[in-house]
Amino acid sequence: MTQHNGRLSWGMIGGGEGSQIGPAHRLGAGLDGLFDFTAGALDHRPAEGRDYGQRLGLSSDRAYGNWQEMLEGERNRSDRVDLVTVATPNATHFEITKAFLQAGFHVLCEKPMTMTVEQGEDIVKTARDAGSICAVNYGYSGYSLVRHMRAMVARGDLGNIRLVKAEFSHGHHADAADADNPRVRWRYDPAQAGVSAQFADCGIHALHMASFVIGQEATRLSADTVSCIASRELEDDAMVNLRFDGGAVGRLWTSSVAIGRQHGLTLQVFGEKGGLRWSQEQPNQLFWMPLGGRLEVIERGEANLSPEADRTTRVTIGHAEGMPLAFANIYKDLAEAISALKAGRDMDPAANLFPRAEDGLRSMAAVFAVAESGRADGAWVDARPPMFR
Ligand SMILES: NC(=O)c1ccc[n+]([C@@H]2O[C@H](COP(=O)([O-])OP(=O)(O)OC[C@H]3O[C@@H](n4cnc5c(N)ncnc54)[C@H](O)[C@@H]3O)[C@@H](O)[C@H]2O)c1
């Protein structure tokens, strides 16, 4: 099946012309020459999706009008796609991802993977039953220095982790006069967005990154959720306190009304032997303070940082690597995982770091826990999905 000169075959659903996240996926998947873009159902408007797909180089028979057509068209091909990315709006992820997994495709699903915890458990079980890979695009975990932070924690440079502080706070929904704009309003409407707005959109990235870097999962949380713009039913700001299964304490702030902040994803980790600070807007530098030492700047691209960092950097030190290259690292991991499965061999452990359906499920449990705790004035609640209790 599907290996063209060692390359894998890739398809995409959503990510049509003008979409926010489509270009970053195409850049990421194409960067290392590991995937050929061969099929897509790119737009909710069939004609526009077919047209754009062909302009991007898809053949006319594989530029599909919708995902059902793509599933039928691909499933019986001898050269069918090896990996399908689902980059459609949130409420469609579950149905599309489940259908492709059941048909034996590997899937990279955008976050949030599902709208409910039950759907998340269903996806985990479906992927396991099908023997398929289901990844979730916590793409920021692909940054080389994020991988390096994880490696530093795992090899004990920080000692036991006492505290992790994560933020994902921006100011792009701060204009009260624009709150009724339909492109903004749906995000704060429970009928369309579910039980949470800002935490489900951005907070889960911060939580995933905290867990990923410290190698611990959230067990309990207490949340203060507020709508700073009073007409909003769902929260535009949340402060969440967490406890992790390895003993770490977590502090997480997420906001969409933090005027002056652009992207705003940052992580700080404090252990017994030192502290780390990294920010998505300055991703090529990592700040490291060993206990009793001096503040050091670790540059992406330095030689021999860690196997995890070394395999996820491409450009010479001093030149900035940005977000599509972080996505490229998720694709690079997936190419290795899929190739290893096909060849019946073990995969490179340094590539075995891509976020999975289990992470998507944990996020969804945290989303519901934040909403529940927020409604109960910050009561501490279980943050784990029933499947992992
Ligand atoms: N991982 C990240 O960092 C990150 C960043 C931004 C967005 N996202 C996620 O990516 C997803 C898409 O977000 P976006 O901002 O690109 O949205 P968008 O509205 O900009 O684009 C959505 C695209 O999907 C297409 N589409 C909609 N329904 C479809 C369907 N049923 N079949 C095929 N195509 C369909 C639309 O035509 C459009 O091209 C969301 O789930 C969002 O949460 C993730």
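Numbering of ligands and ligand atoms starts at 1, following listing order.
- Close to ligand 1: Y140, with a non-hydrogen atom less than 4.0 angstrom away.
- Note that the OG1 atom of T97 and the CG atom of D122 stand 11.0 Å from one another [nearest 0.5 Å].
- At least one N/O-N/O distance between D43 and ligand 1 falls below 3.5 Å.
- Salt bridge present: D79 and R62 bring a charged side-chain N and a carboxylate O closer than 4.0 Å.
- The shortest N or O to N or O distance between N90 and ligand 1 is below 3.5 Å.
- Remark: R7 is not positioned above the aromatic ring of F35, lacking an NZ or CZ atom under 6.0 angstrom from the ring centre and at most 45 degrees off the axis.
- Taking a cutoff of 4.0 Å between a charged side-chain nitrogen and a carboxylate oxygen, R187 and D236 do not qualify as a salt bridge.
- With a 4.0 Å cut-off on non-hydrogen atoms, L42 touches ligand 1 through its backbone and not its side chain.
- Heavy atoms of other residues, nucleotides or ligands lying less than 6.0 angstrom from CZ of R183 number 12 at most.
- Within the 4.0 angstrom cut-off, atom 26 (N) of ligand 1 has one or more protein heavy-atom neighbours.
- Counting heavy atoms closer than 4.0 Å to ligand 1, residue K111 contributes atoms from both its backbone and its side chain.
- Considering H44, M113, Q280 only, the shortest heavy-atom separation from atom 35 (C) of ligand 1 involves H44.
- Checking W253 against D237 by side-chain atom types alone, a donor-acceptor pair falls below 3.5 Å.
- Within the structure, ligand 1 lacks N66 among the residues with a heavy atom less than 4.0 angstrom away.
- With no hydrogens or angles considered, no side-chain donor-acceptor pair links T254 and S169 at under 3.5 Å.
- At least one cation-pi condition fails for R162 and F270: the charged atom is not both under 6.0 angstrom from the six-membered ring centre and inside a 45 degree cone around its axis.
- What sits closest to atom 23 (C) of ligand 1 on the protein, heavy atoms only, is G15 N, 3.6 Å.
- Using 4.0 Å as the threshold, H205 has a heavy atom nearer than that to some atom of ligand 1.
- Scanning the protein for heavy atoms near atom 30 (C) of ligand 1, the closest one is T88 CG2, 3.8 Å.
- For the residue pair S196/E235, the side-chain donor-acceptor check at 3.5 Å is satisfied.
- Considering backbone and side-chain atoms together, I21 places an N or O closer than 3.5 Å to an N or O of ligand 1.
- Looking only at protein heavy atoms, the nearest one to atom 12 (C) of ligand 1 is A87 O, 3.5 Å.
- The atoms of ligand 1 that sit less than 4.0 Å from any heavy atom of H93 are 41 (O).
- Within the 4.0 Å heavy-atom shell around ligand 1 one does not find I96.
- If you check which protein heavy atom lies closest to atom 15 (O) of ligand 1, you get Q20 NE2, 2.8 Å.
- Residue contacts with ligand 1: E48 is excluded, as none of its non-hydrogen atoms falls under 4.0 Å.
- At least one test fails for R185 against the ring of Y188: distance under 6.0 Å to the centre or angle within 45° of the axis.
- In this structure the side chain of N137 never reaches within 4.5 angstrom of the side chain of T85, judged on heavy atoms.
- Among the atoms of G18, none of the N or O lies under 3.5 angstrom from an N or O of ligand 1.
- The shortest separation from a heavy atom of A41 to ligand 1 is under 4.0 Å, placing the residue in contact.
- Between S19 and ligand 1, a contact under 3.5 Å exists for no N or O pair.
- Put simply, NE2 on H170 and NE2 on H263 are 8.0 Å apart, with the number rounded to the nearest 0.5 Å.
- Between R77 and D61 there is a salt bridge, since a side-chain N of the basic residue sits under 4.0 Å from a carboxylate O of the acidic one.
- Ring geometry for Y140 versus Y143: interplanar angle under 30°, hence parallel rather than tilted (30 to 60°).
- When hydrogens are left out, the protein atom nearest atom 39 (O) of ligand 1 is G16 N, 2.9 Å; that is the closest non-hydrogen contact.
- For ligand 1, the atoms closer than 4.0 angstrom to any heavy atom of G14 are 24 (O), 25 (C), 33 (C), 34 (N).
- With a 4.0 Å cut-off on non-hydrogen atoms, R45 does not touch ligand 1 at all.
- For a threshold of 3.5 Å applied to N or O pairs, the pair formed by N137 and ligand 1 contains at least one separation below that value.
- At least one N/O-N/O distance between E110 and ligand 1 falls below 3.5 Å.
- S144 and R300 share no donor-acceptor pair across their side chains, judged by distance under 3.5 Å alone.
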